[in-house]
Engineer: 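The structure is given below, and queries will be raised subsequently.
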Amino acid sequence: MTLKDLLEMDLKFILVGGKGGVGKTSVASSLAITLAESGKRVLIISTDPAHSVSDSFDLDFSSGEIEKVKGVKGDLFALEINPESAGDEISKAIGQPMNSVDFANMTSIPGLSELQGIGQDMQSMPPPGMDEALSFAKILEYADDDNYDTIVLDTAPTGHTLRLLNIPEFLDSFLGRMLKMRSFLSNAMTMMKSLFGSKQEKDNTIENLEKMKEKVLIARDLLMDQDRTQFVKVMIPTMMSIFETERLAEELDSHNIPHEFVVVNMINPDNPNCQYCTHRRNEHLENIKYIESVFGINTLTNVEAFDREIRGVAMLKQLVDKML
Ligand SMILES: Nc1ncnc2c1ncn2[C@@H]1O[C@H](COP(=O)(O)OP(=O)(O)OP(=O)(O)O)[C@@H](O)[C@H]1O
Ligand SMILES: [Mg+2]
């Protein structure tokens, strides 16, 4: 199975991830272009504050709104979310500056101090940071949205992705506790109100929490559905990248997220006249043998390093040609 097969799988979500700087954004952008040019309506999303999708396309998507990508024959849209400005919006909503919220100690949010057990949840898994929280919020938003055939998510480097993968489980447990607490509080309030004869007002909190929990479960199921989701692992042929990708694969397995495809990027091209290049290439080819033994040969895509940076639609299409 090659990346061609991946593109023909009719997936709803393609997540692209790996170690920092290995070519995640380039691969995600190239796949998004190819899908769009094959007639799909595609949205590429990034929560990287460095605006790398803009840089990769050599266009500007930093408005925070969905924008149509120029220069692509098809319906390709890009959304680059800035975690900082999204943080400002959340600050407005919760009535205190986002950076004053200590995720590891949620009791800093007024009204949540009653949530016993939340501390344990937080300790048992790393608390999400802004970019993972936003990536997951986008997965929630688009999980049952028919406006786009495929969503390509350009993820942040591995550590962040692992935290992203923990979010569904974390939210499920968090919302479950909130719901338990809310129904307890709500019963107590009803009793007090009936005792003191105050008028009953409709409280939508439980309903909203339940809806949110349902959405989280839909998104979690989508991420685990091998007919609808694939996580493409991008790596370079160095031992450090291999080890990190092996750990990533274990984590993806433990969350039941399908991840059959590997892109080995930036392989040193053959150049017999350059001793340095030959050494690097031989080392890369050795490492690729090891990669084949770990991940299998059939779903591997090898890509040589270009002699220049990959920027703009034309170059991204050249990357597609090398990948497919
Ligand atoms: N095969 C390649 N040949 C040459 N340059 C490449 C290749 N693949 C990617 N690049 C270049 O390497 C740099 C890093 O690529 P990219 O931004 O896609 O990586 P990334 O994994 O998304 O990085 P980050 O972890 O910072 O998000 C970019 O300048 C890109 O143009
Ligand atoms: Mg990137």
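As the structure lists them, so they are numbered: ligands from 1, and atoms in each ligand from 1. Note that the structure is a prediction, hence the values are computed from the model and not measured.
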Engineer: Using the side chain to side chain contact (heavy atoms under 4.5 Å, CB included) definition, which of the options Glu67, Glu65, Lys138 pairs with Leu79?
Structural biologist: Lys138

Engineer: If you measure every N or O of Asp154 against every N or O of ligand 1, does any of those distances drop under 3.5 Å?
Structural biologist: no

Engineer: Between His279 and Asn268, is a side-chain hydrogen bond (donor to acceptor under 3.5 Å, both in side chains) present by the stated rule, with each step listed?
Structural biologist: CA-CA 9 Å; His279 278 159; Asn268 232 79; over 6 Å; no

Engineer: Please check if any side-chain donor atom of His259 sits under 3.5 Å from a side-chain acceptor atom of Asp253, or the reverse.
Structural biologist: yes

Engineer: At a 4.0 Å cut-off, with the gap strictly under it, does some heavy atom of Glu304 reach an atom of ligand 1?
Structural biologist: yes

Engineer: Are any of the N or O atoms of Phe306 closer than 3.5 Å to those of ligand 1?
Structural biologist: yes

Engineer: Could you list which atoms of ligand 1 come closer than 4.0 Å to a heavy atom of Gly20?
Structural biologist: 25 (O)

Engineer: What atoms of ligand 1 come within less than 4.0 Å of a heavy atom belonging to Ala305?
Structural biologist: 1 (N), 3 (N)

Engineer: I'd like to know if Lys211 and Glu214 make a salt bridge, using a cut-off of under 4.0 Å between side-chain N and carboxylate O.
Structural biologist: no

Engineer: Among Ser30, Gly23, Ser26, which one puts a heavy atom closest to atom 19 (O) of ligand 1?
Structural biologist: Gly23

Engineer: With the Mg ion (ligand 2) as the centre, enumerate protein N/O/S atoms below 2.8 Å in chain and residue order.
Structural biologist: Thr25 OG1

Engineer: Looking only at protein heavy atoms, which one is nearest to atom 2 (C) of ligand 1, and how far off is it?
Structural biologist: Ile310 CD1, 3.5 Å

Engineer: Run the salt-bridge test on Glu292 and Lys289 with the 4.0 Å N-O cut-off and return the result as yes or no.
Structural biologist: no

Engineer: For ligand 1, which is the ligand I care about here, please tell me if Val22 has any N or O atom under 3.5 Å from one of the ligand's N or O atoms.
Structural biologist: yes

Engineer: Less than 4.0 Å is my threshold; does some heavy atom of Gly21 fall inside it relative to ligand 1?
Structural biologist: yes

Engineer: Pick from Val152, Leu223, Ile257, Thr161: which one makes a side chain to side chain contact (heavy atoms under 4.5 Å, CB included) with Leu15?
Structural biologist: Leu223

Engineer: Applying side chain to side chain donor-acceptor pair (under 3.5 Å), can you list everything that pairs with Lys213, at least two apart in sequence or on another chain?
Structural biologist: Asp172

Engineer: When you measure from atom 8 (N) of ligand 1 to every protein heavy atom, which one gives the shortest distance, and what is it?
Structural biologist: Asn265 ND2, 2.9 Å

Engineer: Looking only at heavy atoms, is any part of Arg308 under 4.0 Å from ligand 1, and if so is it the side chain, the backbone, or both, or is it neither?
Structural biologist: backbone

Engineer: Check step by step if side-chain hydrogen bond (donor to acceptor under 3.5 Å, both in side chains) holds for Ser56 and Thr25.
Structural biologist: CA-CA 7 Å; Ser56 183; Thr25 304; over 6 Å; no

Engineer: Counting heavy atoms only, which of Lys322, Met266, Glu309, Gln318 comes nearest to atom 10 (N) of ligand 1?
Structural biologist: Met266

Engineer: Considering heavy atoms of the protein only, find what lies nearest to atom 20 (P) of ligand 1 and give residue, atom and distance to 0.1 Å.
Structural biologist: Lys24 N, 3.4 Å

Engineer: Taking only heavy atoms of Pro157, which atoms of ligand 1 are found under 4.0 Å from at least one of them?
Structural biologist: 25 (O)

Engineer: In the complex you have, is atom 13 (C) of ligand 1 within reach of the protein, judged by whether a heavy-atom distance drops under 4.0 Å?
Structural biologist: no

Engineer: Students should be able to answer this: which protein heavy-atom is nearest to atom 17 (O) of ligand 1, and at what distance?
Structural biologist: Thr25 CB, 4.0 Å

Engineer: Between Asp75 and Lys68, is there a side-chain N and carboxylate O pair less than 4.0 Å apart?
Structural biologist: yes

Engineer: Would you mind checking if Asp10 and Lys40 are paired as a salt bridge, meaning a charged N to carboxylate O distance below 4.0 Å?
Structural biologist: yes

Engineer: Angle between ring planes, Phe57 versus Phe61, binned at 30° and 60°: parallel, tilted or perpendicular?
Structural biologist: perpendicular

Engineer: Count the heavy atoms belonging to other residues, nucleotides or ligands that lie under 6.0 Å from CD of Glu141, then report whether that count exceeds 12.
Structural biologist: yes

Engineer: Does Lys73 have more than 12 heavy atoms from other residues, nucleotides or ligands lying within 6.0 Å of its NZ?
Structural biologist: no

Engineer: Between Ser62 and Ser54, do the side chains contain a donor N or O and an acceptor N or O under 3.5 Å apart?
Structural biologist: no

